[in-house]
Amino acid sequence: MGKTTFGKGCHLHLIDGSAFIFRAYHALPPLTRKSDGLPIGAVSGFCNMLQRYVEDSTGDDAPTHVAVIFDKGSHTFRNDMYDQYKANREAMPEDLRPQIPLTRQATLAFNIACEEMEGYEADDIIATLSCQAREAGGRVTIISSDKDLMQLVGDGVEMLDAMKNKRIDREGVFEKFGVYPDRVVDVQALAGDSVDNVPGAPGIGIKTAALLINEYGSLEDLLERADEIKQPKRRQTLIDHRDQIELSKKLVQLDCDTPLTFTLDDLEVKEPDPDKLMPFLAEMEFRTLTKRIADKLGVEAPVVADAPAPAAESPEQAADAPDFAKANYECIRDAKALQGWIERIREVGHVAVDTETTGLNEMTADLVGISLCVDAGHACYIPLTHKDGNADDLFGSDTLLEGQMPLQEALDLLKPVLEDESVLKIGQNMKYDAKIFARNGVQVAPVDDTMLMSYALHGGLHNHGMDALSERYLGHTPIPIKPLLGSGKSAITFDRVPIDDAVPYAAEDADITLRLWQMFKPRLHAAQVTTVYETMERPMIPVLARMEMQGIKVDRDTLSRMSNAFSQKMAALEDEIHTLAGESFNVGSPKQLGEILFDKMNMPGGKKGKTGAYATGVDVLEDLATEHELPARVLDWRQVSKLKSTYTDALQTHINDETGRVHTSYSIAGASTGRLASTDPNLQNIPVRTEEGRRIREAFVAEKGNVLVSLDYSQIELRILAHVADIPELKQAFADGVDIHALTASEMFDVPLEDMTPDIRRQAKAINFGVIYGISGFGLARNLRIPRAEAQGFIDRYFERFPGIRTYMDDTVAFAKEHGHVQTLFGRVIHTPEINAKGPHAGFAKRAAINAPIQGTAADVIRRAMVRMPAALADSPARMLLQVHDELLFEVPEDGADALIDTARGVMENAADPAVQLSVSLSVDAGRGANWAEAH
DNA sequence: CTAGAGCGCTCG
DNA sequence: GTACGAGCGCTCTAGC
């Protein structure tokens, strides 16, 4: 959208943000956010007022430009003139303070410009903009009832009292002050203002002031001719307090020359953006407003957390729940019994749900039974497809056991509750169960997930599996599954477990899940991670479930042909290696290889590790390869072997028979930093760095008529580093689109950019990444294969040029030591329990603590983008398929690729808004093609 | 025969 | 003794 230049015919609206906030605050009872008790009344009122404003400002008189203007900081140039200015002002109420930044976020969420200037009051900014707009020939409406702004009225500038819906023009000002706008400051200077602590002339109010000004024409003339005033007392007052009156005029006179960092053109009215607005409203848990605005915009309202936080629950109360030994676990075998449970679920409004299936892979596992729990200690299991587990028949009997409800009947009864917006479904690793249900025609929503709650609360502390959580937080060891299923070749699937054994095991899982939920729910707020959970954990469940079920098409023939080629190559290399070694051995055994290299052939540098085996990693072999043929051939063999075993062979086994596609599974709570991890198979480590490896990606293809589209963040971690460590040079480089590694090299080695050599740049690149990883001389030396002292020299030089980096690292480690955790820009907490350890552990923990906020913030950003993507692409045929940390891969009909890139890039580049104002922009590169190699 | 540790290599 | 964060295939060994 091109910007129009502000001028004749334009209409500027300026909203007095502070007035909105205070009015909202005082007009509403002290509302709090249900899930965590955050005071939210003023924000709620503010949003309602903004919404009403937006709705009202349509039609002929609609603004072309608009901004909400806020005060910033308490010290302004007026305090420099008069230290008592606004000194009487009451301190801001405690429950209002945390709402102030939220109103800024709200404004941005409404897609309205939001402006403030350090050292200036909002009124000065409004004055300056009014003057500028008037000079450009435009009209101005100031939305405020602040009388201090009335001096600006006239010549196309009006005020609008939003509350009374009353327009104030020149005549309106005259009514209020008895003078026209150009003399308002004179009147105010005389009358003073007790609220703002403007002294004025004692004993003179607005009426007297207006009288005097009208008689003498202006304040200056009045003071000049004060001796002519007839009333002796009034005369003396004006003469005695002349200085004070002149000071007062300066205090009330608004500054039309505020140095603005933006222009009128930046304030152009923008369409509301549901992708910004809806998530914010949902985050604030404004149910009614969210729905009303969603209807207005014609979008689907996001799920707003519905469950009120249970009254602050102490561990003692949790202990009041029935002992697990006394728990009552029922087996549900008919519709009547199930209906009773459903009624109870509706009464309470939430239920813990768990599914039992025939396997761990959600895309192939079949539903065997469902457990439910509404009250701690009272759960049920509904067996559905249990079969005879007797080993008489080698393949078991396929006849269903008696005493089970038909699967479809149970699903039909449960579906309305599981899909009911007003019933919260609680699970442990709910994505698994949601996918199982989805494959059975039930779209479970809304959901809570105890695994993700634990992750938001305790990321980095321990894993978040149910067994561990139960042990740790409930002091109860769950019934192990092993004895029921067996292990190894003789293992059976859950449908072969006798129902009597299945009931206590399955029902207990739901019971545990409910108890964990009751314990975690209030703790989210106490730990201030409710927003993290609500915006970056919970909403990932449906998004990832959809992606995983979508899968990506992988061409088996391509992989198979590659496998054959690799086999031949490996065999040839193996022969060569055996000949070079003079004997036959297993090339794939590092132990045997080490013995050949260092014992038999006596090559230099043999170092044994802790297990007594020689190290034969790539570093070692690369060094030896410069002198010897054998290690070089082993490296070749290893590359091919890796490609074949991990990729071309293993990947084929993951192609789903029904869909012909590969369905990975993302673990949301796996990585401590907030990153996702892809498993079964891992599609986040498909080769790309070598030409040969990259060819694996040719097997990842789009369906006929479609293309794969890849969008990836450019240098996101370095950008975040530049922001958090506040490095002006790096920020500037990103703003200018300069090659960041070249710039670093230029700064460090004093080489002009135009004289940059690839080698110097390469070293700088290594240092840039090293910094993100918590740099050490040793590590850099090893990476660059240079002496340690030289590497240390580089690092010293780097810190010298970018001192902010050193400060960031020191501050981060100090924060971790004090709090036991670090945080991302979005509030994700990453615990660092080892940070105060002694010995070598300390180094690890320090570097991890330095890296975590950077990697974690990047992870948060892409999570936010992913959460917003479905709504943004609601009208698009595009499907999101994969996430690879800083990349999203989509599949779309060819003719939809351009639109997709446009939309998805917008979502990704703005994913930090409105929660965090980054001082660097995010940039997204896009590619497309018939396969992943072409698209990347 | 199986589970788990260790190594090595793939990705961002 | 070291770069940060992950997952997985292979080999080897301890122990059933």
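Computed from heavy atoms alone, side chains included, the values below leave out hydrogens, waters and symmetry copies. Numbers restart at 1 for each chain; the letters A, B, ... are given by sequence-line order, proteins then strands.
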- Message: Output the rounded distance in Å from CE (M570(A)) to C1' (dC10(C)).
- Response: 11 Å
- Query: Taking atom C1' of dC4(C) as reference, at what distance in whole Å does atom CD of E834(A) sit?
  - Reply: 16 Å
- Let me know the distance between NZ of K644(A) and C1' of dC10(C), rounded to the nearest Å. 14 Å
Less than 3.5 Å apart, which donor and acceptor atoms pair up between the side chains of residues 837-855 of chain A and the rest of the protein, not counting sequence neighbours?
{"residue": "N851(A)", "atom": "OD1", "partner": "Q855(A)", "partner atom": "NE2", "Å": "3.3"}
{"residue": "N851(A)", "atom": "ND2", "partner": "I772(A)", "partner atom": "O", "Å": "3.0"}
{"residue": "Q855(A)", "atom": "OE1", "partner": "T673(A)", "partner atom": "OG1", "Å": "2.7"}

- Among residues two or more places apart or on two chains, list those pairs meeting ring pair (Phe, Tyr, Trp, His ring centres under 6.0 Å) that have a residue in residues 626-646 of chain A. none
- Task: Quick one: list whatever passes side-chain hydrogen bond (donor to acceptor under 3.5 Å, both in side chains) with E887(A), sequence neighbours left out.
- Result: S710(A), W932(A), H936(A)
- Give me the residues of residues 806-821 of chain A where at least one heavy atom lies under 4.0 Å from an atom of DNA chain B, by number, or none. none
- Row check, F778(A) ring normal vs R788(A) NZ/CZ: under 6.0 Å, within 45°: no
- Shoot me the first and last contacting nucleotide of DNA chain B against chain A, ordered 5' to 3', at under 4.0 angstrom to non-hydrogen atoms. dT2(B) to dG12(B)
- Task: Starting from C1' on dG5(C), measure out to CG on L721(A) and report it in whole angstrom.
- Result: 16 Å
- Looking at side-chain heavy atoms only, is the closest gap between F585(A) and I577(A) below 4.5 Å? yes
- Checking all strands, does S641(A) fall into the base, sugar-phosphate, or nothing category for heavy-atom contacts under 4.0 angstrom? nothing
- Which pairs count as side chain to side chain donor-acceptor pair (under 3.5 Å) when at least one residue sits in residues 613-622 of chain A, sequence neighbours excluded? D599(A)-Y614(A), T616(A)-R638(A), E622(A)-R785(A)
- Query: With a non-hydrogen cut-off below 4.0 angstrom, is A650(A) in contact with a base, only sugar-phosphate, or nothing?
  - Reply: sugar-phosphate
- For T358(A) against T493(A), the heavy-atom pair lying closest together: O-CG2, 3.2 Å
- Note on the structure: Shortest non-hydrogen pair, Y432(A) vs L360(A), comes out as CE1-O, 3.3 Å
- Query: Base, backbone or nothing for each nucleotide of nucleotides 11-16 of chain C, written B, S, -, heavy atoms under 4.0 angstrom, 5' to 3'?
  - Reply: SSS---
- Item | Contact residues, residues 677-698 of chain A to DNA chain C [heavy atom, < 4.0 Å] | A677(A), S678(A), T679(A), D680(A), N682(A), N685(A)
- Does some side-chain heavy atom of P687(A) sit less than 4.5 Å from a side-chain heavy atom of R697(A)? no
- Could you state the atom-to-atom distance from NZ of K607(A) to P of dG1(C) in whole Å? 12 Å
- Task: List the steps, then state whether side chain to side chain contact (heavy atoms under 4.5 Å, CB included) holds for S667(A) with K431(A).
- Result: CA-CA 9 Å; S667(A) 63; K431(A) 177 159 65 68; over 6 Å; no
- Query: Between R675(A) and R788(A), who's closer to the 5' end of DNA chain C by nearest nucleotide?
  - Reply: R788(A)
- Closest approach of D449(A) to N429(A) (non-hydrogen atoms, all atoms of both residues): OD1-N, 2.9 Å
- In plain terms, say whether E537(A) and R863(A) are close enough for a salt bridge, that is, a side-chain N and a carboxylate O under 4.0 Å apart. yes
- Task: Measure the distance from NE2 on H841(A) to C1' on dG1(C) and round it to the nearest whole Å.
- Result: 11 Å
- Task: Take atom P in dA3(C) and the same atom in dG4(B), then report the distance between them in whole Å.
- Result: 27 Å
- In this structure, are over 12 heavy atoms from other groups packed under 6.0 Å from R695(A) atom CZ? no
- Using whole Å, report how far CG of L676(A) lies from P of dG5(C). 17 Å
- Can you check side chain to side chain contact (heavy atoms under 4.5 Å, CB included) on V634(A) and L621(A), steps first, answer last? CA-CA 8 Å; V634(A) 171; L621(A) 263 45; 3.7 Å; yes
- Message: Before we go on, tell me: are the rings of F794(A) and Y798(A) under 6.0 Å apart, centre to centre?
- Response: no
- Measure from the ring center of H821(A) to the ring center of F815(A) and say whether it is less than 6.0 Å. yes
- Note on the structure: When the rotation axes relating C1' atoms of four end pairs to the next four are compared across the helix from dC1(B)-dG15(C) to dG12(B)-dC4(C), five pairs an end, they differ to 10° by 0°
- Query: Taking the side chain as C-beta and beyond, is there a heavy-atom pair between E909(A) and S921(A) under 4.5 Å?
  - Reply: no
- Query: Whole-Å distance between dA3(C) P and R785(A) CZ?
  - Reply: 13 Å
- Task: Output all residues satisfying ring pair (Phe, Tyr, Trp, His ring centres under 6.0 Å) with Y455(A), sequence neighbours left out; order by chain, then residue number.
- Result: H464(A)
- Measure across V497(A) and L484(A) and return the closest heavy-atom pair with its distance rounded to 0.1 Å. CG2-O, 3.8 Å
- Message: Which residues in residues 845-855 of chain A have a heavy atom closer than 4.0 Å to any atom of DNA chain C?
- Response: R847(A), A848(A), N851(A), Q855(A)
- Item | P gap between dG1(C) and dC9(B), integer Å | 22 Å
- Item | Close residues, residues 767-782 of chain A, relative to DNA chain C [heavy-atom separation under 4.0 Å] | G770(A), Y773(A), I775(A), S776(A), F778(A), L780(A), R782(A)
- Considering all heavy atoms of both residues, which atom of R828(A) and which atom of D860(A) are nearest to each other, and what is their separation? NE-OD1, 2.7 Å
- Message: Under 4.0 Å, heavy atoms only, any strand: does N783(A) hit a base, just the sugar-phosphate, or nothing?
- Response: base
- Dump the intermediate steps for salt bridge (charged side-chain N to carboxylate O under 4.0 Å, His left out) on E692(A) and K569(A), then the final yes or no. CA-CA 13 Å; E692(A) 192 152 32; K569(A) 199 163 174 186; 3.2 Å; yes
- Message: Does E583(A), at its CD atom, have more than 12 non-hydrogen atoms belonging to other residues, nucleotides or ligands within less than 6.0 Å?
- Response: yes
